[in-house]
Structure formats: C-alpha cells, structure tokens
K.L.:
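Please find one structure pasted underneath; my questions will follow.
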There are 2 protein chains.
Amino acid sequence: MALKGPNGEKTRKRTRSRASSAASIRDVARVAGVSTASVSRCINNSGTLSDGTRERVLAAIDELNYTPNSLARDFRRGRTFMLLVVLPSVGDPFFTDVMRGVHAEAGRRGYGIVISDTQHNSLSANEVETLLISRQADGIILFGTASPFATEILSSRRRRAIPIVIGCEAIAPELKRYPSVQIDNVLAARQATEHLIDLGHRRIAFVAGVGGSMLTADRERGYRAALEAAGKRVSAATVVAGDLSVAGAAAAAKRLLAVDPRPTAIFCANDEMAIGAASAIAEQGLRIPEDMSLVGFDDTRYAAVMQPPLTTIRQPAERIGMRSVQRICKLIEEPSALRDNPEPEIVAHELIVRASTGPVPNGR
Amino acid sequence: MALKGPNGEKTRKRTRSRASSAASIRDVARVAGVSTASVSRCINNSGTLSDGTRERVLAAIDELNYTPNSLARDFRRGRTFMLLVVLPSVGDPFFTDVMRGVHAEAGRRGYGIVISDTQHNSLSANEVETLLISRQADGIILFGTASPFATEILSSRRRRAIPIVIGCEAIAPELKRYPSVQIDNVLAARQATEHLIDLGHRRIAFVAGVGGSMLTADRERGYRAALEAAGKRVSAATVVAGDLSVAGAAAAAKRLLAVDPRPTAIFCANDEMAIGAASAIAEQGLRIPEDMSLVGFDDTRYAAVMQPPLTTIRQPAERIGMRSVQRICKLIEEPSALRDNPEPEIVAHELIVRASTGPVPNGR
DNA sequence: CTGTTAGCGCCTTCAG
DNA sequence: CTGAAGGCGCTAACAG
C-alpha cells in the first residue's frame, strides 16, 4: 500500500500539475477568444451562435483535440446516459438476441448499457437500489428478474421515481404499474402443449426453470392449462425442474426418461434446456421424434440447426429488446410518463413446427 | 415535440425547485451537526474521525437515507469505475463465457462493464476514442477486435495513455506494448489439424472467420503449418470463409461438400461454425464421423452435447476474462504500469477429442 | 448574439 | 481531530 520512494510522491502531486492533461472548455475558449458559454453552445448546438464564432470555436476544438469531459457533463446534467439491464443469464442465446436489440436501440439513442447478470439468482431490492443509485443509471430494464423482489423494491422506494421497464416476464400484480414488454407466455406454452396433444401424445413431461422462476412460471401454467383442457385424454402433469441451462436440463431429462411409463414427449421451458434434453435422449439410444418428441421455447439460432431441427416457440427477441429501450427512454425523457399506468405490451409469438415432434409411437 | 399547455412549462422549472431531491452531503452534515468534510471522511474511511462524530454522521445518513451521488464523485475523482469491453459478438457463447469471467472479476472490484459489440465489423480508432473519451471509461479491453485499427489508434493517441488490454487475439507487432491475455492460437490450431492428419485424413478443409479476421488468422496459420509439415501426405489447403456464425458456416460447409474430391474432414475456426457445419453435413445425408470428421474451436457449452459430441479446442474463457480485468485494473490503479512493456500472457488450451472425429473413410 | 456568473456534489488541502 | 474554503468542467440563467 504505502509506496516508498520519491516515485510515489511524484504521482500524488496536486491535480493541477499533471502534465498536459486533456484540454478543457476553458482552454478552447481562450484559444478561440470567446467565452466558455459560447463553446458550450457550440458543442451542444444550443442557444444561438454566429457563424464566425462557431468557426473559431470549431478551429480551436480541432487544434486542441478537445473532447468534452463527460464526467463533468453528466454531473452537471444529472444524467449518465446509461441504462442498467438486469437479466438472469447473459449466456442464454435468447437474451443474447434480446440484448442485440437493446444495444442497437440504445446506441442509436446515445445510451450506454450496463449489464447485471444475476446468474439465475434472485436479485434483492437492495442490490438493485445500489446498482441504480451508485451507478446512477438513468433507468433500469428488468428482463425476467423482476418478481422476486417486487414487493421489496416498491416499498423501499421512498426515493424519487425511477424509470423501470420489465421485459419477458410474468407481471406480478404489484408491478402492473410498470411498463412491460413480453409475449403471452401462457398462451404460447399452451399452444405448444396442444400441438403435442394433437399429435396423440398423452404422457407429456415439462422441464421447468429453477424453483419458482417467474420467467417460466407462466409457461408451466400454459402447459398445465392445455393438459387440463384435454381432460381425461392425457395423464397427470409430469414436471421436473431444469435450471434453464443445457447441463441442468440434460440431468433433468435423464430422470424423466427413467420414469415408468416413460413420457412420449418433453416440453422444455426454453431452447437451452431442449438442447440438453436432446443430448440426454440420444444418450439413452432413443430417437427424436420416433421415440420421443421434443419441444423448446425461444427459437434461438440453434433450434433450426439441431438434429433434428427443434419445434419451438419463436419470440421476437430483438424486438423485445428494442421496445424495452424505447419505453425506458420515454420514461427518462418525459418524466411525466412515470405517472402513466401503461398497458403491458404484448408482442406476437409463433409456434414453429419442425422435425423434433411427431406422432406418438405405436401402442404407447 | 412542442408541449402545449401549462404542463410542459411546469416540468421545466429550474432545477432548484425539484421536489425533495435526493439528500446531499450538505444535508447530512447539517443534520449531524458536522462539516461536509467530516461526512466525506466518514463515507470514505479517509483521514481521521472520532467515534462520536462517526456515529452522528452514520445516524444522519441513515435518517436521510443518503446515498452519495456518484456522478459528483466520479467527476471529482476523475474516475468512472467503468470498463469498456469491445468484442466482435456478444452472442457467441465463447465470449459469453469470457464475459462471465469479466463480470465476476469486475463486480468483485467494484467496476461496471460497458459492452461494445462490433458485430464482427471492424471498429475504427475513432469509434474507440469516442467510446472511451465520451464515456470516460477507466480502461478498455479489446477482445478479438484490436488489430484492424491498431495503427490508427496508436498514431491518434496524442492524448494521455489509456489503459488498454487485448484479449483472445493475435497481437500485431505495433500492439506488443499492450498487455494481452490469450491462448497460443497457432499451436492449438496446429494440434487440432495434426489430430486429423493422425487419423489418416488427407483432404482437410478449414472454415475461417470473416475475411482477414484477426481473431482467427492465427488459427488458419496453425492449420496451414500443420498441413505443410505433413508435406506430400496431405493435399493443398482448402479454406473457405464462414463469418463466425452458425448460419454463415452452414452455407460455407455446403460449398465445401460440393467440392470434388470432397474433403474428409472439416476444421472450423470456432464452435459456432462447427454447429452450422454439422447441420449442413447432416442435411446432405452424411454422417459424422463416418463420412466426415468435424473439429471446432472454443469448447463452448454446446460442444459436448452435440450429436455426436464435438472434438474441439478448449480455451479457458472465464479465466481469460478474469485475467483481462485484473490486468486492466492494475493499469488503472497503478498508472506507472502503463510504462511497462509486458509479456503477452499465454494461457493453456487443450485439445478435447470427442466423437466427431474418426478415421478417414475407407478408400478415400 | 455573447459574456458573466453561479453553482451541481463532492473531495482535499490547509488551518486551527 | 475537525472546519472552512476552493475548485473539478461544464451548463444555464441572466445581463448586456
């Protein structure tokens, strides 16, 4: 810690003396022979400025190689132009696609993105607060991570209203006041399950997310609804917990394949888990779809190239990301919008039938 | 745009009047009956402070629910505690793993991460400058994106030395002065190719990245080196450009399969492309490895669950991310280190032989 | 159209 | 051990 010798001292000299630090707005003003206010007006295109002044300022900026210090700027304006995005796993290709949309739209609007990956853990309200306050993000987007701390965050918010948008997730009642962007997960999962029922399957298993993961809770709900609607024709629900990961689902599927009587179809709450399940199925020497039908959820870029290609639900991932950013920006830029009580925004999904699903095996 | 009515006016009131804005250090000082200096000392554990004072400050902080304004803080300190990470594709599962390491280590050290995804495009020095200067990141990590603008960024750097670390990438001579963390890509690719040669393959194709992508240039070099070393025993190199993506490689592999005489093995410069290639191979009714051996690079989480499991090169992705952050932090926290001329840090790779490679088909 | 002025919230000398 | 004071770089009134 304690630097010995003259070297350490040297570096601790007062700020003023740092050699040739970056040019400041004052330097530009001096060189251009104008006031700092004019420089400011020039770089922000605000107020009015004569062409002559503008040119001299621009020349000075060029000469000094001046770039505004955005720390000072953000401080002054009270804005960071940073968006905090909280999601369960940056590794999931679905979220990757969502983030592509987020990055594109944010970049277009001059915002940076800070990501907080909860690694599928639930996030405490406190952590979010800290992230938000200490990082001073202008707004926060919660993708599939909102509900665990919904009540907390609401009650602890004696502070100023913070722009929050929720994406991809079942919206708990107490979160209804926040804008959200999502597909109808219940309906989508129901349709996927009905697709299997229509193919004649009666023993359809479901690989869910982590215990009580809100991200997939609605999907399980849709699955159960389909089974119930089919009534006596299908057997009771068989649900196991994957952990939304490839490896977790491989293990979960293995257990499923040991059940007697064995299911004839497996519906996974996301594509990642379907990949894991496919591997477990192959390992047991079973074929897809002849011995086992398989359905995923998300239509990630891997779904179409799996062997066989995966039947799944397509979510407009990039669009969800893009819209979330648009909505958070609106909240940020028009604070009055914070008092609106917006409708959840439901975007369209689509059941993509590929070769991983087929008729139920004979006599089963 | 133009808000009509009194509403618009209201929101434009001077900053002073914003209702109950967050507590400032002055408020805390007033409530605690001390000076702002003491509050500062308390929250930063700097200087000296009597227990009594500390307690009163802490009480005031608690009462006011005070959180330091990090905009002001960063401004004052000239630090953002943000790291800029530039990479070719956040979607690639390899980089996802790298980023897991980055996030973990950065979080541990109190840094936030801003990601710039170049989408495999090359990044101009100007863009990097802008990103760096305007965002005022404390440092920048370039993963597989450095070389295209190496010369540029070096020549345009009349500014202060900026902490830069380069990862996963062939280091061009003019970048040698920057710390870097990477595997030995040439050697790894050579070993993968030799593995195929040892299995008896003589027509081995290579699916490279985008035209001249530095990220995979070394891998192509290793591939060619292995072929040359094997001399007459193997035919000339067959290299096609994928674009590091699943879809791009599927198309590239398709072309490869139409070549006469057809290769008996395909080595892809990353796993993503191997996934695409596998799909193209299956589509042609060919089996892996009986008709076609396939090798990837990265050992992403999908490699082991592919059908058949993929032979590939394992890179310590998380470790690369972690080490990169550690090194950038060192540069940031000990500016004198900027003047060091560090050795590139080579981390260990490993050839993982799985079932996607086998002996060359009879009579070919 | 342009300059002057007054801070934003915090940290850090410098005195006491 | 503590308080007073100055200023980081920029922007936004307010005068001229």
Side-chain angles (χ1 to χ4, degrees), chain A residues 9 11-18 21-57 60-61 64 66-81 133-136 160, chain B residues 9 11-18 21-57 60-61 64 66-81 133-136 160:
Chain A
E9 274 175 63
T11 50
R12 264 137 226 276
K13 281 284 186 196
R14 34 175 45 171
T15 336
R16 295 185 59 254
S17 73
R18 58 183 156 164
S21 89
S24 81
I25 199 171
R26 232 167 353 245
D27 301 320
V28 177
R30 194 180 328 111
V31 170
V34 299
S35 71
T36 60
S38 290
V39 179
S40 176
R41 282 190 271 261
C42 179
I43 56 189
N44 294 300
N45 275 319
S46 62
T48 50
L49 215 53
S50 74
D51 288 356
T53 308
R54 187 188 323 282
E55 268 172 43
R56 270 180 301 150
V57 172
I61 286 177
L64 295 175
Y66 167 73
T67 313
N69 178 332
S70 58
L71 262 54
R73 230 174 175 163
D74 291 348
F75 168 48
R76 182 59 233 257
R77 307 211 256 230
R79 297 270 312 266
T80 57
F81 289 94
I133 308 286
S134 85
R135 285 289 168 222
Q136 288 292 111
R160 68 191 164 104
Chain B
E9 275 175 62
T11 50
R12 265 140 226 275
K13 281 284 186 197
R14 36 175 42 170
T15 335
R16 295 188 56 256
S17 73
R18 56 183 157 162
S21 89
S24 81
I25 199 172
R26 238 174 341 253
D27 301 321
V28 177
R30 195 180 327 112
V31 170
V34 300
S35 72
T36 60
S38 290
V39 178
S40 177
R41 283 190 270 261
C42 178
I43 56 189
N44 294 302
N45 275 319
S46 62
T48 48
L49 216 53
S50 73
D51 287 355
T53 308
R54 188 189 321 283
E55 267 173 43
R56 270 180 300 150
V57 172
I61 286 176
L64 295 175
Y66 168 74
T67 312
N69 177 332
S70 57
L71 261 54
R73 226 172 180 168
D74 292 347
F75 168 48
R76 180 60 230 261
R77 308 211 256 229
R79 298 266 316 262
T80 57
F81 288 94
I133 308 287
S134 84
R135 286 288 169 223
Q136 288 291 109
R160 68 191 165 105

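Naming convention: chains lettered A, B, ... in sequence-line order (proteins, then strands); numbering from 1 in each chain. Quick caveat, the model's predicted, so the values are computed rather than measured.
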K.L.:
Whole Å only: how far is the CZ atom of B:R79 from the P atom of C:dT12?
P.N.:
12 Å

K.L.:
From the set C:dG3, D:dT2, D:dA12, return the single nucleotide nearest to any side-chain atom of A:S35.
P.N.:
C:dG3

K.L.:
Out of curiosity, A:N45 CG to A:T48 OG1, how far, rounded to the nearest 0.5 Å?
P.N.:
12.0 Å

K.L.:
Separation of B:R76 atom CZ from D:dG6 atom P, in whole Å?
P.N.:
14 Å

K.L.:
Taking any heavy-atom pair under 4.0 Å as a contact, classify B:V34: base, sugar-phosphate, or nothing.
P.N.:
sugar-phosphate

K.L.:
What's the shortest heavy-atom distance between B:V28 and B:Y66, and which atoms?
P.N.:
CG2-CG, 3.5 Å

K.L.:
Taking atom C1' of D:dA12 as reference, at what distance in whole Å does atom CG of A:N45 sit?
P.N.:
16 Å

K.L.:
Heavy atoms only: give me the nearest A:F81-A:D74 pair and the separation to one decimal.
P.N.:
CD1-OD1, 4.3 Å

K.L.:
Is any side-chain nitrogen or oxygen of A:N69 closer than 4.0 Å to OP1 or OP2 of D:dC8?
P.N.:
no

K.L.:
Measure CD1/A:I25 against C1'/C:dG3 and give the value in whole Å, please.
P.N.:
13 Å

K.L.:
Report yes if a donor N or O on one partner sits less than 3.5 Å from an acceptor N or O on the other, where the partners are the side chain of A:R41 and the base of C:dG3; otherwise report no.
P.N.:
yes

K.L.:
Would you kindly give the CG-to-C1' distance between A:L49 and C:dG3, to the nearest whole Å?
P.N.:
12 Å

K.L.:
Counting only side-chain N and O atoms of A:Y66, is one of them less than 4.0 Å from OP1 or OP2 of D:dC10?
P.N.:
yes

K.L.:
Separation of B:I61 atom CD1 from C:dG9 atom P, in whole Å?
P.N.:
16 Å

K.L.:
Does a side-chain N or O from A:T53 land closer than 4.0 Å to OP1 or OP2 of C:dC1, or not?
P.N.:
no

K.L.:
How close or far is atom P of C:dG9 from atom CG of B:D27, stated in whole angstroms?
P.N.:
9 Å

K.L.:
B:S40 and B:S46: which non-hydrogen atoms are nearest, and at how many Å?
P.N.:
O-OG, 4.4 Å

K.L.:
Using a cut-off of less than 4.0 Å, is there contact between a side-chain N or O of B:R77 and OP1 or OP2 of C:dC10?
P.N.:
no

K.L.:
From the list C:dC1, C:dT12, D:dT11, which nucleotide is the closest neighbour of the side chain of A:T48?
P.N.:
C:dC1

K.L.:
Could you give the CD1-to-C1' distance, from A:I43 to D:dC10, as a whole number of Å?
P.N.:
8 Å

K.L.:
With nearest nucleotide decided by heavy atoms, which residue, A:A37 or A:R26, maps closer to the 5′ end of DNA chain D?
P.N.:
A:R26

K.L.:
Please determine whether a side-chain nitrogen or oxygen atom of A:S24 lies at a distance below 4.0 Å from atom OP1 or OP2 of D:dG9.
P.N.:
no

K.L.:
For the residue pair A:I25 and A:P68, establish whether any side-chain heavy-atom pair is separated by less than 4.5 Å.
P.N.:
no

K.L.:
Applying a 4.0 Å non-hydrogen cut-off, can you work out what A:S46 is touching in the nucleic acid: base, sugar-phosphate, or nothing?
P.N.:
nothing

K.L.:
Applying a 4.0 Å non-hydrogen cut-off, can you work out what A:S50 is touching in the nucleic acid: base, sugar-phosphate, or nothing?
P.N.:
sugar-phosphate

K.L.:
With a cut-off of less than 4.0 Å, is there a side-chain N or O of B:S38 near OP1 or OP2 of D:dG3?
P.N.:
yes

K.L.:
How far apart are the closest heavy atoms of A:A29 and A:T36, and which atoms are they?
P.N.:
CB-N, 3.7 Å

K.L.:
Going by centres under 5.5 angstrom and planes under 30 degrees, do the aromatic ring of B:F75 and the base ring of D:dC8 stack?
P.N.:
yes

K.L.:
If each of B:A72 and B:D51 is mapped to the nucleotide of DNA chain D with the nearest heavy atom, which maps nearer the 5' terminus, i.e. the 5' end?
P.N.:
B:D51

